[in-house]
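What follows is a single structure, written as structure tokens, with notes after it.
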Amino acid sequence: MKRTHTCGELRKANVDQTVTLAGWVQNRRDHGSLMFIDLRDRYGLTQIVFDLDNPDVLELGQHVRSEWVLQITGKVIARPDDMVNPKMVTGEIEVTVQSFKIFSRSAPIPFETDAYAKVGEETRMKYRYLDLRRPQMQRNLQVRHAVCHAIREVMDGEGFMEIETPILGRSTPEGARDYLVPSRVHQGKYYALPQSPQIFKQILMVGGCDRYYQIARCFRDEDLRADRQPEFTQFDVEMSFADPDDIFAVIERCMVAAFKDGIGVTVNPPFERMPYSVSMDKYGCDKPDLRFGLELHDLCKLVKEVEFKVFTAVLESGGIVKGMAVPGGAEFSRKDMDNLTELVKIYGAKGLAWIKVQNGEYSGAPVKFFKPEQLNAVRDELGAKDGDMMMFVADKKKIVNASLAALRNEMGSRLNLYKDGEFRFVWITDFPLFEWNEEENRWDAAHHPFTSINEEDMEIFMTAEKTAGSRIGEVRSSSYDLVLNGVELASGSVRIHDAEVQKRVFELLNISPEQAKDRFGFFIDALSYGTPPHAGIAPGIDRLVAMMLGFENIREVIAFPKTAKAIDLMTEAPGDVDSKQLRDLGIQNVTPKR
RNA sequence: GCGGUGGUGGCGCAAUUGGUUAGCGUACCAGACUGUCGAUCUGGUGGUCGCGGGUUCGAGUCCCGUCCACCGCGCCA
């Protein structure tokens with residue numbers, strides 16, 4: 001080895017030892033006939049001293065610059081008491097250099113790598129290798145590693161096998177847009193990169209693998225968000241002969257280990273469970289942040305008689321009115337309210353109605369349409385107290401829920417209703433099996449077409465019409481999401497193992513037997529040869545680690561992420577290819593290059 | 001596809017109603033300095049204000065277009 005110790009390792013106990021360190025020059029403090037260098041590696045910083053005891057070495061050392069890579073041999077000495085640096089773990093010692101070697105020099109760096117440097121994202125991404133040297137990024141990757149390691153340990157202990165599934169697969173028409181890979185051998189045909197190993201993991205169950213997991217890369221060619229990258233990592237799990245409770249228990253054990261090993265935080269299973277319908281009613285979404293209350297309330301009945309056109313028109317056309325009470329909201333200014341109105345408009349709401357409760361009186365534009373007892377009834381339903389603001393949205397159900405859910409999250413954050421470092425898990429269960437697709441005028445699978453049906457709804461499932469507004473929408477699936485602080489961390493379900501049920505699902509989805517055979521023929525064949533009941537789930541590793549570290553952006557926990565336009569600023573992928581490569585593949589560009 | 005925010009020395013930012021030679025911090029370069037640790041002090045280099053067009057006596061600033069980054073909506077079974 002080119003070193004005897006790392007730069008984060010030496011302590012008082014090492015005093016008088018002769019050591020060799022290797023690392024980057026973090027910093028140089030030159031006092032003329034005395035010079036200090038902070039030498040950095042993954043593990044930390046160690047102060048190296050150059051002085052007149054070794055004038056030739058000092059002279060050479062003074063030519064050294066930031067980010068050069070050095071090998072330093074010297075003696076560990078204890079710092080005098082008044083020179084101990086309590087901010088450094090190695091601050092009790094320093095190494096007096098006896099000799100050093102320059103492994104490599106560095107061009108002047110585009111930005112500093114110390115913990116204080118403020119650098120924009122674009123610059124960080126272009127020079128990601130420099131960004132990765134920063135202690136924060138080192139920690140992010142370290143925590144990510146610890147999480148994956150903890151998961152593997154738990155899963156191994158539970159008898160799961162980690163099995164790899166293909167990256168080059170077959171496109172299936174449902175779901176996200178596929179990334180396609182042209183086949184050279186079969187020109188005109190394409191592989192698709194997996195959106196998830198869904199079908200393969202189910203086939204592993206048919207193949208008797210019983211307990212499978214994989215920390216798997218997934219690809220979706222859709223537009224990006226702070227928490228969505230075109231390639232991302234799922235902790236993919238499938239279990240035979242398992243019920244949802246078994247899945248929950250395994251995942252909870254993984255979460256406990258991941259939080260413990262990742263960031264030293266104790267989380268306490270079992271996690272709360274909440275049916276989808278309750279979550280939608282109370283929080284307006286299927287991923288509620290339960291760190292704070294601010295529950296939504298349906299006011300349709302209470303405001304039915306109120307002569308407020310905004311409400312009556314909506315109710316007559318089949319919409320709903322919901323509201324919430326914001327503690328202390330009476331203090332909001334007109335500007336605040338305009339601001340919040342803009343927020344709900346993003347989700348399609350036409351406006352935000354509000355009534356202040358202050359000094360025992362009500363104020364706000366809609367007040368005049370209410371009778372006093374109606375106001376009191378609404379106040380009691382919302383639980384509004386003096387000094388609160390009651391906020392209402394009236395519109396189609398979907399819009400009301402989406403806008404109030406966003407408003408609720410905004411209020412939670414703006415009013416500091418939760419603390420950093422608080423982790424509130426909840427299992428959301430009993431999602432609907434189908435959802436109505438307005439544009440296509442048909443029922444779509446809410447999760448995916450292999451999700452099994454809640455036994456209690458089997459009768460409706462088998463008998464209802466597949467028309468708009470039929471009871472099919474009421475059928476609950478046996479599926480579940482794991483939600484943490486308002487973020488969807490995982491999604492899973494019990495799978496269909498009964499051919500008749502599967503047929504019926506396809507029928508309701510308007511997938512003919514021929515189409516089904518064409519799209520998933522191999523899969524349906526597989527299921528026909530003796531399929532164990534099985535269930536699975538897939539937590540997102542990027543989101544999990546980001547949340548543990550307090551980031552909203554998963555790029556912080558991915559070594560080489562892509563921009564919002566799916567570009568890698570470092571490698572400049574995607575890039576051009578030789579025309580020969582295209583010829584080999586039988587491909588021609590039909591859109592002109594810009 | 002749509003909406004919002006931003007783009008000014010290497011990096012992070014400022015520049016009032018459109019007005020003189022575009023500033024500040026840091027990095028970098030040179031010099032000084034024996035106890036610093038985000039060293040200090042002195043001096044210095046460095047800018048096509050993202051790009052293109054327009055308005056104007058005059059544009060970093062206003063207008064139009066365009067590109068890039070970020071956030072969100074749509075999209076993401």
Side-chain angles (χ1 to χ4, degrees), chain A residues 26-39 45-53 55 58 62 65-67 79-80 82-88 90-91 94 96 106-127 130-131 172-178 195-196 198-199 218-230 232 342-349 399 402-403 406 410 431 433-435 437 439 443-451 477 479 488 491 493 505 509 511 519 540 552-553 555 562-565 567 569 572 594:
Chain A
Q26 177 71 56
N27 197 357
R28 194 175 57 106
R29 294 178 294 278
D30 189 350
H31 293 241
S33 36
L34 172 71
M35 184 180 76
F36 303 98
I37 279 177
D38 290 334
L39 199 66
L45 292 172
T46 297
Q47 175 163 282
I48 312 296
V49 188
F50 293 68
D51 62 20
L52 286 177
D53 291 349
L58 172 66
Q62 279 167 328
R65 291 295 179 268
S66 286
E67 302 299 328
R79 299 198 200 180
D82 56 337
M83 289 166 203
V84 166
N85 184 350
K87 286 198 267 182
M88 295 171 77
T90 59
E94 59 197 3
T96 53
S106 167
I109 47 172
F111 59 88
E112 287 117 286
T113 56
D114 65 52
Y116 308 96
K118 284 185 190 160
V119 196
E121 274 219 81
E122 213 171 336
T123 314
R124 290 176 56 201
M125 292 307 162
K126 184 171 175 190
Y127 303 97
L130 297 179
D131 190 37
T172 50
E174 270 76 26
R177 194 176 295 114
D178 285 319
Q195 297 174 23
S196 81
Q198 184 62 38
I199 286 179
C218 305
F219 306 86
R220 294 179 190 177
D221 188 2
E222 296 290 350
D223 288 339
L224 281 70
R225 290 287 187 282
D227 63 352
R228 270 168 32 192
Q229 283 272 308
F232 61 101
E342 289 306 308
L343 174 71
V344 296
K345 281 185 176 170
I346 293 171
Y347 299 88
I399 289 174
S403 53
E410 174 66 19
F431 282 78
L433 187 65
F434 299 104
E435 55 193 24
N437 184 329
E439 282 162 32
W443 291 99
D444 279 349
H447 186 56
H448 59 61
F450 317 113
T451 307
S477 64
S479 66
E488 180 195 315
S491 198
S493 63
V505 169
L509 291 174
I511 299 174
R519 293 178 192 181
E552 289 184 6
N553 200 307
R555 287 189 299 269
K562 291 181 177 59
T563 68
K565 287 240 167 77
I567 287 167
L569 290 179
E572 295 182 318
R594 273 184 294 182

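Below, read A as the first sequence line, B as the second, and so on, with proteins coming before strands; counting in each chain starts at 1. Please read these numbers as outputs of a predicted model, since none were measured by experiment.
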Are the side chains of [Y] and [X] in contact, using a 4.5 Å heavy-atom criterion?
| X | Y | answer |
| --- | --- | --- |
| A/Asp444 | A/Phe434 | no |
| A/Ser493 | A/His448 | yes |
| A/Phe450 | A/Val505 | no |
| A/Asp131 | A/Phe111 | yes |

Within this structure, what is the [atom1]-to-[atom2] distance between [X] and [N], rounded to whole angstrom?
| X | N | atom1 | atom2 | result |
| --- | --- | --- | --- | --- |
| A/Leu343 | B/C73 | CG | C1' | 11 Å |
| A/Gln62 | B/U34 | CD | C1' | 12 Å |
| A/Lys126 | B/G7 | NZ | C1' | 14 Å |
| A/Glu552 | B/C70 | CD | C1' | 13 Å |
| A/Leu58 | B/G35 | CG | P | 14 Å |
| A/Lys565 | B/C67 | NZ | C1' | 8 Å |
| A/Asp82 | B/U34 | CG | P | 18 Å |
| A/Asp114 | B/G12 | CG | P | 14 Å |

When the [atom1] atoms of [M] and [N] are compared, how many Å lie between them, rounded to an integer?
| N | M | atom1 | value |
| --- | --- | --- | --- |
| B/C68 | B/G35 | C1' | 47 Å |
| B/G19 | B/G6 | C1' | 26 Å |
| B/C76 | B/A69 | P | 23 Å |
| B/C62 | B/U8 | P | 16 Å |
| B/G9 | B/U61 | P | 15 Å |
| B/G12 | B/U20 | C1' | 28 Å |
| B/G47 | B/C28 | C1' | 15 Å |
| B/C57 | B/G65 | C1' | 26 Å |

Closest of B/C33, B/C11, B/C71 to the A/Ala226 side chain is B/C71
To the side chain of A/Glu94, which of B/C37, B/G10, B/U36 is closest?
-> B/U36
Taking N or O atoms only and anything under 3.5 Å, show me the protein contacts with nucleotides 74-76 of chain B, one pair per line.
{"residue": "B/G74", "atom": "N7", "partner": "A/Arg225", "partner atom": "NH2", "Å": "2.6"}
{"residue": "B/G74", "atom": "O6", "partner": "A/Arg225", "partner atom": "NH1", "Å": "2.9"}
{"residue": "B/G74", "atom": "O6", "partner": "A/Arg225", "partner atom": "NH2", "Å": "3.1"}
{"residue": "B/G74", "atom": "N1", "partner": "A/Asp223", "partner atom": "OD2", "Å": "2.6"}
{"residue": "B/G74", "atom": "N2", "partner": "A/Asp223", "partner atom": "OD2", "Å": "3.2"}
{"residue": "B/C75", "atom": "O2'", "partner": "A/Glu222", "partner atom": "OE1", "Å": "2.8"}
{"residue": "B/C75", "atom": "O2", "partner": "A/Arg228", "partner atom": "NH2", "Å": "3.2"}
{"residue": "B/C75", "atom": "N3", "partner": "A/Arg228", "partner atom": "NH1", "Å": "3.1"}
{"residue": "B/C75", "atom": "N3", "partner": "A/Arg228", "partner atom": "NH2", "Å": "2.8"}
{"residue": "B/C75", "atom": "N4", "partner": "A/Arg225", "partner atom": "NH2", "Å": "3.3"}
{"residue": "B/C75", "atom": "N4", "partner": "A/Arg228", "partner atom": "NH1", "Å": "3.0"}
{"residue": "B/C76", "atom": "O2", "partner": "A/Arg228", "partner atom": "NE", "Å": "3.4"}
{"residue": "B/C76", "atom": "O2", "partner": "A/Arg228", "partner atom": "NH1", "Å": "2.9"}
{"residue": "B/C76", "atom": "N3", "partner": "A/Arg228", "partner atom": "NH1", "Å": "3.2"}

Are OP1 or OP2 of [N] and a side-chain N or O of [X] less than 4.0 angstrom apart?
| X | N | result |
| --- | --- | --- |
| A/Arg29 | B/G38 | no |
| A/Asn553 | B/C71 | yes |
| A/Lys87 | B/G38 | yes |

Under 4.0 Å between any heavy atoms, over every strand shown, what does [X] touch: base, sugar-phosphate, or nothing? Just pick one.
| X | answer |
| --- | --- |
| A/Ala115 | nothing |
| A/Leu45 | nothing |
| A/Met88 | base |
| A/Arg555 | sugar-phosphate |
| A/Ser33 | base |
| A/Ser479 | nothing |
| A/Glu121 | sugar-phosphate |
| A/Asp51 | nothing |

Base paired to [N] (Watson-Crick or G-U; both N/O distances under 3.5 angstrom):
| N | value |
| --- | --- |
| B/U36 | none |
| B/C29 | B/G43 |
| B/G12 | B/C24 |
| B/C2 | B/G72 |
| B/U66 | B/G50 |

Under 3.5 Å donor-acceptor, [X] side chain and [Y] backbone:
| X | Y | value |
| --- | --- | --- |
| A/Arg65 | A/Ser106 | no |
| A/Arg177 | A/Asp221 | yes |
| A/Gln229 | A/Lys562 | yes |
| A/Arg28 | A/Gln62 | yes |

Quick one: side-chain contact (heavy atoms from CB on, under 4.5 Å) partners of A/Gln195, sequence neighbours excluded?
-> A/Ala176, A/Asp178, A/Arg220
A/Phe36 ring over B/U36 six-membered base ring, under 5.5 Å and 30° =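 A/Phe36 ring centre within cut-off of B/U36 base, planes near parallel; stacks.
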Heavy-atom nearest nucleotide on RNA chain B taken for A/Lys118 and for A/Gly91; more 5' hit belongs to A/Lys118
Most 5' of A/His448 and A/Asp53 on RNA chain B, judged by nearest nucleotide |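 This one resolves to A/Asp53.
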Least distance between heavy atoms, A/Val84 atom then A/Arg79 atom =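 That would be CG2-O, 4.1 Å.
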For A/Tyr116 and A/Lys87, work out which heavy atoms get closest and say how close.
->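 Where A/Tyr116 meets A/Lys87 most closely, the heavy atoms are OH-NZ, 4.4 Å.
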Kindly give the atom pairs (protein nitrogen or oxygen, nucleotide nitrogen or oxygen) under 3.5 Å for nucleotides 24-28 of chain B.
{"residue": "B/U26", "atom": "O2'", "partner": "A/Glu112", "partner atom": "OE2", "Å": "2.6"}

Give a yes or no on this: more than 12 heavy atoms of other residues, nucleotides or ligands lie within 6.0 Å of atom CD of A/Glu222.
->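 Yes, CD of A/Glu222 has more than 12 neighbouring heavy atoms, counting only those of other groups under 6.0 Å.
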A/Asp38 and A/Arg29 ion-paired at < 4.0 Å =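 A/Arg29 and A/Asp38: salt-bridged.
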